[in-house]
Amino acid sequence: AGMCDSDTRTSPPPLSPASPADTTLSSWFLEKEEKTRGNGAAGTAPPRSLSLIILNHDLPPVTPALFARAGRARVVAADGGANRLYEAAPGWAPHLSPADARAAFAPAVIVGDLDSLSPAVASFYAGAGVPVLDCSADQDSTDLEKAVTYVRKKEGVGGGDGGVLIVAAGALGGRLDHSLAALNALFSGCCGRDGGGAAASAAAACDLVLLGDGNLARALPAAGTVAIEPAHGVEGPACGLVALGGVVAGVRTAGLAWELSDASPPLAWGGLQSTSNAVVGVGQGGRPRVVVEVGAGGGGGGRLLWVSECR
């Protein structure tokens with residue numbers, strides 16, 4: 001442009017915790033039933049259906065509540081996750097005998113390569129009528145990926161708003177390679193192994209939440225504005241935005257103690273990450289709310305993850 005040409009560029013509109021968003025990622029599933037919000041109103045039905053995957057690590061205290069909220073028909077034990085369910089159930093229903101408690105908390109199905117499933121546990125659940133899906137022929141995907149693919153095929157969804165939200169309990173903590181594999185499932189949307197293609201997988205990744213060892217992780221959309229609504233009194237305030245697999249540029253935030261703006265460097269694997277941050281934004285009804293914007297064309301092969309502490 002010449003020296004006398006006017007600059008037609010406009011600054012993006014300012015963000016606030018109350019700004020409208022293209023997508024809302026709410027942690028309604030962590031709240032007590034009577035506090036669940038549907039369309040923003042307390043005490044109404046949950047906004048989405050819930051499917052629960054049980055993995056082979058220490059299960060968070062919220063697991064029995066998630067089981068009840070999902071309903072047995074939507075609970076999948078991933079291989080050794082069945083062992084964890086079997087061990088934990090008597091403590092969740094102390095008024096029942098151990099056998100009755102285990103039957104009450106039996107999964108709908110056990111899925112995986114079955115290299116960790118205890119024979120005694122397998123025998124018990126077989127007696128309870130729980131089917132076992134042997135996926136040992138596939139050694140290129142993890143048990144989490146196998147379970148997620150099973151759920152999506154069963155539900156007939158490929159991601160996006162309004163579908164089934166999948167929560168994986170026991171996905172974080174323990175062996176580092178297992179935690180990294182779970183984060184990779186978020187990054188890749190399970191690599192499109194359900195045949196949905198890259199675009200469908202990118203959307204589906206937003207429908208998967210990882211829980212474990214006092215942490216929550218979920219992927220954000222590749223572009224656009226997303227409102228994050230942590231579960232009040234359960235999630236946060238400690239949080240972070242982490243770029244996996246590459247660069248995520250053009251990130252702006254509202255509602256964090258340390259905001260990202262147009263002047264911030266891109267978030268990148270091997271570069272800047274927004275860790276040890278905190279939720280300070282307040283939305284409707286005085287509830288915590290954070291707005292994150294990823295500008296169009298801001299992608300550089302990375303995927304932005306929201307991580308937060310859970311109590």
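These numbers come from a predicted model, not from an experiment.
For the atom pair CZ (F67) and CG (L59), the distance works out to 11.5 Å, reported to the nearest 0.5 Å. The structure places CZ of R289 at 7.5 Å from OG of S19, a figure rounded to the nearest 0.5 Å. I54 CD1 to D79 CG: the interatomic distance, rounded to the nearest 0.5 Å, is 13.5 Å. In this structure, CG on L172 lies 5.0 Å from CG on L210, to the nearest 0.5 angstrom. In this structure, CG in L183 is found 10.0 Å from CG in L144, a value given to the nearest 0.5 Å. Note that CD1 of I110 and SG of C135 are 12.0 Å apart. Values are rounded to the nearest 0.5 Å.
Cluster annotation: V280 is not connected to W258 through the hydrophobic network of ILVMFWY side chains, with a link wherever side-chain heavy atoms come within less than 4.5 Å. V294 and V226 fall within a single hydrophobic cluster, where Ile, Leu, Val, Met, Phe, Trp and Tyr side chains are chained together by heavy-atom contacts under 4.5 Å. With hydrophobic clusters built from ILVMFWY side chains whose heavy atoms lie under 4.5 angstrom apart, V234 does not share a cluster with V282. Residues V251 and V291 fall into different hydrophobic clusters, defined by Ile, Leu, Val, Met, Phe, Trp and Tyr side chains chained together at heavy-atom separations under 4.5 Å. Two different hydrophobic clusters hold L15 and V292 under the rule that ILVMFWY side chains link at heavy-atom gaps under 4.5 Å.
When side chains are defined from C-beta on, L50 counts as touching W28, because their heavy atoms get closer than 4.5 Å. Considering only heavy atoms from C-beta on, L114 stays 4.5 Å or farther from S136 through its side chain. Two residues are said to be in side-chain contact when any heavy atoms from C-beta on lie closer than 4.5 Å; V242 and L267 fail this criterion. Residues N56 and D143 have side chains not in contact (no heavy-atom distance under 4.5 Å, counting atoms from C-beta outward). Side-chain contact between R287 and P230: absent, with no pair of heavy atoms (C-beta onward) separated by less than 4.5 Å. Contact of the Q273 side chain with the L305 side chain is not registered, since no non-hydrogen atoms from C-beta on lie closer than 4.5 Å. Looking at heavy atoms from C-beta onward, L85 lies in side-chain contact with W92 at the 4.5 angstrom threshold. Residues D138 and D113 fail the side-chain proximity criterion, which asks for heavy atoms closer than 4.5 Å.
Put simply, the side chain of S264 gets close to the backbone of S261: a donor and an acceptor are under 3.5 Å apart. Checking side-chain atoms of K146 against main-chain N and O of A78 turns up no donor-acceptor pair under 3.5 Å.
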(message) Let's go through V209 and L216 carefully: what are the C-alpha distance in whole Å and the side-chain angles of both, what is the deciding distance for side-chain contact (heavy atoms from CB on, under 4.5 Å) to 0.1 Å, and is it a yes or a no?
(response) CA-CA 7 Å; V209 179; L216 174 150; 3.8 Å; yes
(request) Determine, stepwise, if the pair V248 / L220 fulfils side-chain contact (heavy atoms from CB on, under 4.5 Å). (result) CA-CA 11 Å; V248 181; L220 271 58; over 6 Å; no
(request) List the steps, then state whether side-chain contact (heavy atoms from CB on, under 4.5 Å) holds for S179 with H57. (result) CA-CA 10 Å; S179 294; H57 184 55; over 6 Å; no
(request) Go through I166 and D207 one step at a time and tell me if the side-chain contact (heavy atoms from CB on, under 4.5 Å) criterion holds. (result) CA-CA 6 Å; I166 304 172; D207 289 343; 5.5 Å; no
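C310 pairs with exactly one of L30, V62, D213 by the side-chain contact (heavy atoms from CB on, under 4.5 Å) rule, that one being L30. With E293 as the fixed residue, the side-chain contact (heavy atoms from CB on, under 4.5 Å) test singles out one of T225, T253, L260: T225.
Salt bridge present: D58 and R84 bring a charged side-chain N and a carboxylate O closer than 4.0 Å.
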